[in-house]
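Shown next, in structure tokens, is the structure this report addresses.
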Amino acid sequence: MMFGLAKKFDGGLKLPPNKHGAEAPSRILPIPESLTYYLTKNIKETHQCIVNIGETVLFGQSIARGLGHQPDIHAAYGGVIEAIGSKAGPYDAPEEQAVIIRTSEYKNVYKHDDKIKNKSDLLKSMGVAGMGGAAFPTGEKVQAAGAPRVWLINGVECEPMLSCDQCLMREQADKLVQAIRYLAAEIMPGRVILALESDKADAVSAMRLALGDVTDIELACLPPRYPQGGEKQLIQTLLGLEVPSGTHAAHLGILVLNVATVMAAFDALAYHLPLTHRLVTVAGQGVSAPGNVWVPIGAALKDVLDFCGYDGAATLRVTVGGPMMGRAVNSLDVAVTKGTSAILALTAADELAVYSAQPCIRCGVCTEVCPARLQPEDMYFNIRAGRLNRTRETGLMDCIACGACAYVCPSEIPLVASFLYAQQICRIEDEQKARAAYIGDLVKARDARLAARRSVRMGKSASREAAARTVDPAAMEKVDAAREKARSKIDK
Amino acid sequence: MEMISALIVMGALCLSGGLALAWAARKFAGNENALVVQIEELLPQTQCAQCGYPGCKPYAEAIVAGEADINQCQPGGERVVKALGQLLGADYRPPAKVAEKPMVAFIREAECIGCTLCIKACPVDCIIGAPKQMHTVITADCTGCTLCIPPCPVNCIDMEMLPPRWQPERP
Amino acid sequence: MEKELKPIKQGPAVHGKSQLQLLMLKVVLALSPALIWAFYVFGWAAFIALMLTCVSGFVFEWVALRLRSRGRTRQAYDGSGLLSCILLAMSLPPMGPWWLYVLGSFVSIVITKQLFGGLGQNVFNPAMSARVFLLLSCPAYMTAWLDPDKKAGLVDTLRYMFIDWHRESYDALTTATTLDAWRNAKLTGLPLPQPELTDMFVGSTAGSMGEVSAMLLLLGGMYLLFSGIIRWHLPAGFLAGVMLPATLFWLLGPEGTHLSPLVYLVAGSTMMGAFFIVTDPVTAPVTPHARFVFAFLIGALSYLIPAYGLYPVGLSFAVLLMNSTVPLLERLFRPRIFGR
Amino acid sequence: MKEVLLILLSATLVNNFVLTRFLGVCPFMGVSQRLETAVGMAMAVTYVLTLTSAATWMLNAYILVPLSAEHLRLMAFIVLIAVVVQMTEILVRHFMPALHRAMGLFLPLITTNCAVLGVTLLNVGEQLGFMAATVQGFGASLGFGLVLIVFAGLRDRLDGCDVPEAFKGTPIALITAGIMAMAFLGFDGMGR
């Protein structure tokens, strides 16, 4: 059943798809020698390691417990824990704490016990995280959405060069429908909508075939436009609803899950299989055999790129994630994480962005393409001038870093880099304010404690005095007179 | 005749003006405390007395009274000076004392004789201990205000540097 | 990784086609038909004036940037200075004395643009602020319009412009523009001039160098509009701003005191203003609503100033006045952020 | 009615008190640092100017002229303006403490603001009627407020611009005010 287009989302632009190797069948990466799992993100601890060096682990055994809602980490292959130390990371900070496993075999699989009943805890212990790129813990999302009014399955792959969702849908359409039906039984959504873009013909036909004339799952074929795959943009397009700023769609009862995340969640809930492998697109002119590869999470970029014919000489930049929202990495021994949807080896032929940062002429083209209806040139002007609180008022925290503004800017200004830098500074400032408020409470608590103690002591001395007055009133008059004289001397 | 009429006119004018002002000043006395609360919220509440006033509230009152300048808050640094400048319309002045790296107090438990003097001195109550028992500092709550060091008789408290927080670099 | 990778870690790895220099050159291209026509109509005077403005403008900009710091001189080659100088030259009378153009380019490039921080940070439109400066400081030379029929050869032009540019020997060549004639008629009560509309549209009457041929300016403007360099809000707003009061006053006002709105439509300065002066992105607001209001008020003011004031052409004053209100307009017409 | 409108227009735009007659330039430069204080100042000046125009006209017409004490005009006006300004300051300090602190010195400075005294003396000098004098006062303050708020918006953007070191702050503000004054000359001759 086709879904009428409620409302086109604001801004956005048409990008050349150049999906090299999207049609190629997916391949499987041979076992790499070592696997690297990160325990910290920007030096802030996110996981606690539960194995120690020299211990042997089995295929699928969990090696680190996630703090808070963070899902756990599992070994993609059996092997020996080689080291726990700092290694080059894909995030902003250059070095991260990581566990390194020397792989040996994958025969005997670690059996997970089935004690956990609650589905969001099970998802957390099976390590399921968002695979669209943000790696948001799926367990937390499912729990926050409860019985969602609408469940959107996000097969929209609007970034150029990316084709892992398309390949997944093309090759495993039936398993996806089975997964959707199984999860629908679990989370009881009001409506189920599978969204994908009409220019991925093979995926659309595969899904249509798999769905047949089923009525409970709606298929939405959307015209291709970047950044339609964003959660808020997809909701605005399909449901005509704007998620209020600062709140997650899950809290409104709208659950949005990436196609790959749905598959991972299905494996976790139905078969208790942890998330250890994911489909990664390898593209860009620097790779001779681009395409989609089943990669164990933790494999180094070097192994994956060499597997697809990497030509180091021509490559100017290696990006983890899509060409628009991905992040450049400086060294190739960075590892694949759950959120890595693509590894791109970009050469000069890929219209590589050279941020020459010429002066901004306020042409307003970035304002037209911004899906969050922000003013990128005004925010950039205030960031350059150092007025970050002014930038926050004009919506810095609503920027989804989709890169549309930096793509169209004629002066090639590093807009997204400035916005992310400003966002991090604002987060640090918020932390300082929160700490100041917390310490303010400590001070008030201390004053209250001292005041209470003083009143207790006053109470005791008052009762002692009353008792003395009943025993010998005359002496007490002398005491009062002396007190009066002392007090009058102080007042003068 | 000219002189008298001139005197009468100016005298009457000034008198009536003065009376009107006196009445208005008493009726609409300015309320200061609303501003004090606003200022206090901006201050980092470390009660460290680095600004020369025994705590954040006295410093806020001093600012409203006009005795204190807006850049005396050392832990607040740039952020507080800008925030106060924004609220009070005063233009920006660099902070008087620059906050060194954030520090945390640390008691060498072996030498602590349990005299509870530092507990009384700590403005945020982050030192735990009973008389004659060993004391220790809750590092999470300590603001590094060094008020506990002077009262300690055996001088067993020293300041430790916190690991530097990762700073994003400017593109 | 043997090669040092690009320093910018975040942000899109790919970039679209639009370049700053390309943008500026396209606008210059859109201006070129009207320019070439001016060379044809005014002969050597126009060409020399343009060269004087552009060369002195480039030198001033290069020196100003060099004084700021060595690395900045690269910005002198991005075509924006060239564009401002061409616009300035086109709004000045053709056969003016040589220092008129050099002083104009100094005021526009150095004072109005570089002093405020260079491209993108200047608050006032450089060409217009220079024109107002010259109009106020040397009105005599600014209102001496060369008569197209009496244009002189190369040698004579050079003599007029460089050697004896003082007034006397100069009047023989000048004539009044339509707007001048209308203003004099209004003051002295003479019957209104009925200008030949097609003549004005094609552009063979006297006037500032570039503002002669409305047809070619319209041509350039349409090219800018359909190639996506400018948005419709600014030109449409300006034209509405001019035509609305014009028709209103023409219909309601007492008989015979106001020119018919058609005259304004075919006047070169209106077309120049609509597509090239008002649409300078740097000194205009960014949001569509603010742009329309900004352009509309410029149009209205540029009609009211000559109608009731002293000066024959109100466009430059109107642009400067509205440029100063841009920060307020932007604060007023800020679009609603997603989800707020 | 048309005549009142003409006075209002000419006082606000044609011979604007700040940019054409250059009266009241020091608060214009001093308060335009931030938009909030500029709006506060504009309202305060509008309130003070309209009130003083009316009051001084009455003072002159009913007290000074009958007693033929015109020579006292200057002193009497100044005392009256001082009283009105002090009254405003008390009210602002009571109702809007933050604004009062933000405007700081410039609120009492309105007393010595040449625009205020200028308008009152002008009203009396040109033998305007009561209605015309008040409208002139209101028009002048409207013009002052309008230009002040527009200029505050400009300066707010300018202090983020990459202005050369030597010109940062007041110099660039003076140049901007100069260009705005040039633009205001365009209104010359209107309203005749």
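To the nearest 0.5 Å, atoms OH (A:Y355) and NE2 (C:H15) are separated by 7.5 Å.
Annotation for A:H20 and A:G284: closest pair CD2-N, 3.8 Å, computed over non-hydrogen atoms. Considering every non-hydrogen atom in both A:G322 and A:L344, the closest pair reads C-CD1, 3.7 Å. Listed here is the closest heavy atom pair of C:P12 and A:R317: O-NH1, 4.0 Å. Minimum heavy-atom separation, C:G57 to C:C85: CA-SG, 3.6 Å. When all heavy atoms of A:Y407 and C:V14 are compared, the pair lying nearest together is CD1-O, 3.6 Å. Nearest heavy-atom pair, C:P235 versus C:L225, reported as atom, atom and distance to 0.1 Å: CG-CD1, 4.4 Å.
Salt bridge annotation for A:E242-A:R373: present, with a cationic side-chain nitrogen under 4.0 angstrom from a carboxylate oxygen. Salt bridge C:R334/A:D378: present, at least one basic N to carboxylate O contact under 4.0 Å.
A donor atom on one side chain and an acceptor atom on the other are found under 3.5 Å apart for C:S105 and C:S56. Looking at A:R390 and A:N382, their side chains never bring a donor and an acceptor atom within 3.5 Å of each other. In the model, C:E61 has a side-chain atom that pairs as donor or acceptor with a side-chain atom of C:Q114 under 3.5 Å. Residues C:Q19 and A:E412 bring a donor and an acceptor atom of their side chains to less than 3.5 Å of each other.
Listed in order of number, the residues of residues 274-297 of chain C that approach chain A to under 4.5 Å between heavy atoms are C:P281, C:V282, C:A284, C:P285, C:V286, C:T287, C:R291. Among the residues in residues 118-131 of chain C, those with a non-hydrogen atom closer than 4.5 angstrom to a non-hydrogen atom of chain A are C:L119, C:G120, C:Q121.
Your options are A:T319, A:V408, A:V243, and the one with the most heavy-atom pairs under 4.5 Å with chain C is A:V243. For the set C:K17, C:Q21, C:Q75, C:R336, the count of heavy-atom pairs under 4.5 angstrom toward chain A peaks at C:R336. Residue with the most contacts toward chain A among C:P335, C:A13, C:G117: C:A13 (heavy-atom pairs, distance under 4.5 Å). Put simply, of A:A404, A:G403, A:C402, the one with the most heavy-atom pairs under 4.5 Å next to chain C is A:G403. Of all the listed residues (A:G364, A:P244, A:S245), the one sharing the greatest number of non-hydrogen pairs under 4.5 Å with chain C is A:S245.
At a 4.5 Å heavy-atom cutoff, A:A401 makes no contact with chain C through either its backbone or its side chain. For C:L23, the part lying under 4.5 angstrom from a heavy atom of chain A is the side chain only. Both the backbone and the side chain of A:M324 come within contact range of chain C, each with at least one heavy atom under 4.5 Å from a heavy atom of that chain. Looking at A:S418, neither its backbone nor its side chain comes within 4.5 Å of chain C, counting heavy atoms on both sides. Contacts of A:P371 with chain C are made by backbone atoms alone, with heavy-atom separations under 4.5 Å and no side-chain atom involved. Residue C:R231 touches chain A through its side chain alone, counting heavy-atom pairs closer than 4.5 Å. For C:R72, no part lies under 4.5 angstrom from a heavy atom of chain A. Contacts between A:L420 and chain C at a heavy-atom distance below 4.5 Å involve the side chain alone, from C-beta outward. When heavy atoms are compared at a cutoff of 4.5 Å, A:E368 approaches chain C solely by way of its side chain, counted from C-beta outward.
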Should A:V334 and A:E96 be marked as a side-chain contact (heavy atoms from CB on, under 4.5 Å) after you check the CA-CA gap, both sets of side-chain angles, and the distance that decides it?
CA-CA 10 Å; A:V334 164; A:E96 302 286 358; over 6 Å; no
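Across C:S108, C:S84, C:S80, a single residue satisfies side-chain hydrogen bond (donor to acceptor under 3.5 Å, both in side chains) together with C:K113, and that is C:S80.
Side-chain atoms of C:L82 and C:F58, non-hydrogen and from C-beta on, never get closer than 4.5 Å to each other.
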